[in-house]
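Structure record follows, encoded as C-alpha cells.
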Amino acid sequence: MNNKEIKLIIIDQDSLFWEGFRYLLDMKHTIHVEKVTDDKTVFFPLLEQPSEKIVLISGQFLQQYKREFNKILQLPHLKGMIISDRSENYLSDALDVGAIGYSLKDMSYEGFIEAIRSVSNGLYWFHPHVTGPILKEYVRVMPKIETREKKMIAHHFTRRELDVLNLLAKGYNNKMIARELEVTNFTVSSHIRSILKKCNVHDRTAAVVKAFENGWVKIDPKIKKEVEILDEE
C-alpha cells in the first residue's frame, strides 16, 4: 500500500462537492486537501509555494487562465490534473499546459483515488471518456496524414529526379537513363547523388526500395508480371 501523503489544491467553484470529497479522504486515505478555492488571488500564490502537491483545475478555470497555468505547471513541485463534467472536454487545453491527468466529477470514488495516486507518481492518467473521441479521430485521419506525408516527401524531389528515380526502378543504368532523358552521364550521376541524399540511403537499390515502400514510384506492370511468374515457379 502506498502511504505517501499527497497534498491537493483544488481550483473550482463547486466548493460543496469538494467538501464532501475532502471528508471521505480524511477518513480513509493519505490524501490531504489543503485548499478548495476559486479565487486567483489565493490559488496562484499557494501554487508558487515550493512544496510538492497536485493541483486539480476545473476546465472553466483552465480556459480562463490558460496562459498562467501553462507557466506555473512548469514548476517542478507541481503536477497538474484537470477535472470537468462529462459534457465537457478540455483535453487539448490540458495537454497544452502540461497537465498529466484528466478526471471527471461523476467517476467513481475509487477511480478518482486511483487517478490521483497515478498522477502523484508522475504517471499519465486520462479518463477514457475524454481520450476516446481523440483516438477515434486519430484512427480516422491517420491514413490521410500518412498519404499526405508521402506526397510531401515526393515533392522534395525535383521533376527530373523523379524521372530518374522511376527509370532506376525499371532497372536502367546511368547510360540508359542519359539516353532516355537526353542528358549527359554526368547529369544523371548528379541527380542520383541528390536522390540518395534525400532518401538518406547509400546506394541506388536502397533508394528504389524506399521509393516503392513509400509509393513515390509504381512498379512497372511488366516487371510485376515477371515477379508473379517467378513466384509461381
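Just so it is clear, the model here is predicted, and its values are computed rather than measured.
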Handout entry: Residues Lys40, Glu68; criterion salt bridge (Lys or Arg N to Asp or Glu O under 4.0 Å); working and verdict
Key = CA-CA 10 Å; Lys40 71 174 183 177; Glu68 291 85 349; over 6 Å; no

Exercise for the section: Determine, step by step, whether Val55 and Leu73 satisfy the side chain to side chain contact (heavy atoms under 4.5 Å, CB included) criterion, reporting the C-alpha distance in whole Å, the side-chain angles of both residues, the deciding distance to 0.1 Å, and the verdict. Expected result: CA-CA 9 Å; Val55 52; Leu73 287 182; 3.6 Å; yes

Practice task
Kindly indicate, with the supporting measurements, whether the criterion side chain to side chain contact (heavy atoms under 4.5 Å, CB included) is fulfilled by Asn166 and Leu168.
Solution key: CA-CA 5 Å; Asn166 274 282; Leu168 286 174; over 6 Å; no

Handout entry: Full working for side chain to side chain contact (heavy atoms under 4.5 Å, CB included) between Asp93 and Gln63
Key = CA-CA 7 Å; Asp93 292 321; Gln63 281 196 328; 3.3 Å; yes

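Not one N or O on the side chain of Asn121 forms a donor-acceptor pair closer than 3.5 Å with the backbone of Leu123. No donor-acceptor pair closer than 3.5 Å links the side chain of Glu48 to the backbone N or O of Pro45.
Interatomic distance, Ile83 CD1 to Ile11 CD1, rounded to the nearest 0.5 Å: 12.5 Å. Once rounded to the nearest 0.5 Å, the distance linking CD1 of Ile31 with CD1 of Ile54 reads 7.5 Å. To the nearest 0.5 Å, the span separating CD on Glu19 from CG on Asp14 amounts to 10.5 Å. Distance CG/Leu75 to CD/Glu52: 12.5 Å, rounded to 0.5 Å. For the atom pair His129 NE2 and Ser103 OG, the distance stands at 12.5 Å (nearest 0.5 Å).
The aromatic rings of Phe21 and Tyr109 sit perpendicular, their planes meeting at an angle over 60°, well past the 30° parallel limit. A perpendicular orientation is assigned to the rings of Phe44 and Tyr65, their planes being inclined by more than 60° (bins at 30° and 60°). Aromatic ring orientation, His127 versus Trp125: perpendicular (interplanar angle above 60°, classes split at 30° and 60°).
In this structure, the side chains of Ile6 and His32 stay at 4.5 Å or more apart for every pair of heavy atoms. Between Ile9 and Leu56, every side-chain heavy-atom pair lies at or beyond the 4.5 Å cut-off. Leu167 has its side chain within reach of Leu181: a pair of non-hydrogen atoms, C-beta onward, lies under 4.5 Å apart. Two residues are said to be in side-chain contact when any heavy atoms from C-beta on lie closer than 4.5 Å; Phe157 and Lys198 meet this criterion. At least one side-chain heavy atom of Leu104 sits less than 4.5 Å from a side-chain heavy atom of Val130. Within the 4.5 Å cutoff, no side-chain heavy atoms of Ser84 are placed close to those of Lys105. Residues Asp38 and Phe61 are in side-chain contact: their nearest non-hydrogen atoms beyond the backbone lie under 4.5 Å apart. Counting only heavy atoms from C-beta outward, the side chains of Tyr90 and Gln60 approach each other to under 4.5 Å.
With 3.5 Å as the limit, one finds no donor-acceptor pair spanning the side chains of Ser118 and Tyr124. Side-chain contact check for Arg204 and Asn174: at least one donor-acceptor pair (N or O, by modelled atom type) lies under 3.5 Å. Defined by atom type and a distance below 3.5 Å, a donor-acceptor pair is missing between the side-chain atoms of Thr187 and Ser190. Side chain to side chain, Thr41 and Asp39 meet the donor-acceptor criterion of an N or O pair below 3.5 Å.
Here side chain to side chain donor-acceptor pair (under 3.5 Å) pairs that include residues 71-83, with residues two or more places apart or in two chains, number zero.
Within a 6.0 Å sphere centred on CD of Gln13, heavy atoms belonging to other residues, nucleotides or ligands number 12 at most. Within a 6.0 Å sphere centred on CG of Asn200, heavy atoms belonging to other residues, nucleotides or ligands number 12 at most. Within a 6.0 Å sphere centred on NZ of Lys35, heavy atoms belonging to other residues, nucleotides or ligands number 12 at most.
Under a hydrophobic-cluster definition in which Ile, Leu, Val, Met, Phe, Trp and Tyr are linked whenever side-chain heavy atoms come within less than 4.5 Å, directly or via other members, Leu95 and Ile82 are assigned to the same cluster.
Salt bridge status for Arg117 with Glu114: absent, with no side-chain N to carboxylate O gap under 4.0 Å.
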